[in-house]
Amino acid sequence: MEVLYFAWVRERIGIPKETIVTQAKTVFELIEELKVRSGHYETAFSDTSALRVAVDQQLTDFDASIEEAKEIAFFPPMTGG
Amino acid sequence: MEISVQEAPFNLADEINRFTGRQKNMGAIVTFSGIVRNNALGDIQAMEIEYYPGMTESVLGEAANRSIERWSLGDVLIIHRYGQLCPGELIMMIATAAAHRRDAFNAADYLMDFLKSRAPFWKKECKTDRTIWVEAKSKDEVDLKRW
């Protein structure tokens with residue numbers, strides 16, 4: 001699956017997107033998997049209350065299933081307008 | 001309905017005239033436009049706007065469709081820019097067309113509340129010595145709950 005990062009999440013991790021092969025069943029499990037990769041990921045995912053997630057471009061919760069997902073995006077709360 | 005997420009500037013008067021000119025049987029048009037605001041210190045040199053290509057357009061389209069249904073609108077136009085903008089520059093505009101003014105006002109108000117906290121855009125202020133990601137305001141969530 002493709003994992004996308006936006007705004008300060010992108011800056012902390014250092015890349016805008018990457019392809020990930022995972023056995024994670026939920027967004028939360030994926031985050032736990034990513035966090036142990038490096039300090040960059042750990043910093044980006046340290047406070048999930050400051051994060052939002054979209055699975056296949058639909059805003060959802062951290063306990064959402066990602067088993068069929070093609071695209072997961074992590075970003076801070078939106079500030080449009 | 002028309003949604004445009006674009007880097008290029010747009011001409012507000014031209015867009016309003018174009019939107020107005022294509023309406024049939026509508027009596028009211030409400031427009032809202034947002035510009036880059038400087039702070040009290042005046043030290044914001046630029047605003048960088050990032051978005052999520054694909055999701056942003058579809059989320060705005062869904063919100064526009066909901067507003068068309070709820071307030072019986074004839075038409076909706078949303079233009080939102082991304083990239084680097086200077087204070088005073090137009091960031092975005094919304095236009096709603098309805099038979100009567102109240103529906104057009106309410107729909108524009110709803111669309112702005114939605115856009116503020118549900119459309120995937122992120123703003124970064126570029127100051128002389130640093131850059132700061134703009135934080136979401138809790139009031140924006142309160143505003144959205146009105147609908």
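Naming: A, B, ... by sequence-line order, numbering from 1 per chain. Note that the structure is predicted; figures quoted are calculated from it, not measured.
More than 12 heavy atoms of other residues, nucleotides or ligands lie within 6.0 Å of CZ in A/Phe62, so this atom counts as buried by the packing criterion. Applying the 6.0 Å contact sphere to CZ of B/Arg22 captures more than 12 heavy atoms from other residues, nucleotides or ligands. B/Phe10 CZ: more than 12 foreign heavy atoms inside a 6.0 Å radius. Heavy-atom contacts from other residues, nucleotides or ligands closer than 6.0 Å to CG of A/Asp47 number more than 12. Counted within 6.0 Å of NZ on A/Lys25, heavy atoms from surrounding residues, nucleotides or ligands total 12 or fewer; the atom is thus considered open. For CZ of B/Arg37, the number of neighbouring non-hydrogen atoms (other residues, nucleotides, ligands) closer than 6.0 Å is 12 at most.
Both the backbone and the side chain of B/Leu115 come within contact range of chain A, with heavy atoms under 4.5 Å apart. Of the two parts of B/Glu57, neither the backbone nor the side chain holds a non-hydrogen atom closer than 4.5 Å to a non-hydrogen atom of chain A. Contact of B/Glu135 with chain A is made through the backbone alone, with heavy-atom distances under 4.5 Å. The contact between A/Arg10 and chain B is made entirely by side chain atoms (from C-beta outward), counting heavy-atom distances below 4.5 Å. Of the two parts of B/Tyr51, only the backbone, made up of N, CA, C and O, holds a non-hydrogen atom closer than 4.5 Å to a non-hydrogen atom of chain A. Interface residue A/Ala54: only side-chain heavy atoms are found under 4.5 Å from chain B. Within the 4.5 angstrom heavy-atom criterion, atoms from both the backbone and the side chain of B/Arg118 approach chain A. Within the 4.5 angstrom heavy-atom criterion, only side-chain atoms of B/Lys124, from C-beta onward, approach chain A.
In plain terms, the two heavy atoms of A/Gln57 and B/Met55 that are nearest each other are OE1-N, 3.1 Å.
Ring geometry for B/Tyr52 against A/Phe6 counts as tilted: the plane angle lies between 30° and 60°, on a 0 to 90° scale.
Between chain A and the options B/Ser58, B/Gly34, B/Gly54, the largest number of non-hydrogen pairs under 4.5 Å is found for B/Gly54. Highest contact tally toward chain A, considering only B/Lys116, B/Met112, B/Met92, is held by B/Lys116 [criterion: heavy-atom pairs under 4.5 Å].
Note: A/Met78 CE to B/Phe114 CZ = 7.5 Å, rounded to the nearest 0.5 Å. Once rounded to the nearest 0.5 Å, the distance linking OG1 of A/Thr79 with CE of B/Met47 reads 8.0 Å.
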Apply side-chain contact (heavy atoms from CB on, under 4.5 Å) to B/Glu50 and A/Phe75, showing your working. CA-CA 11 Å; B/Glu50 185 171 330; A/Phe75 40 79; over 6 Å; no
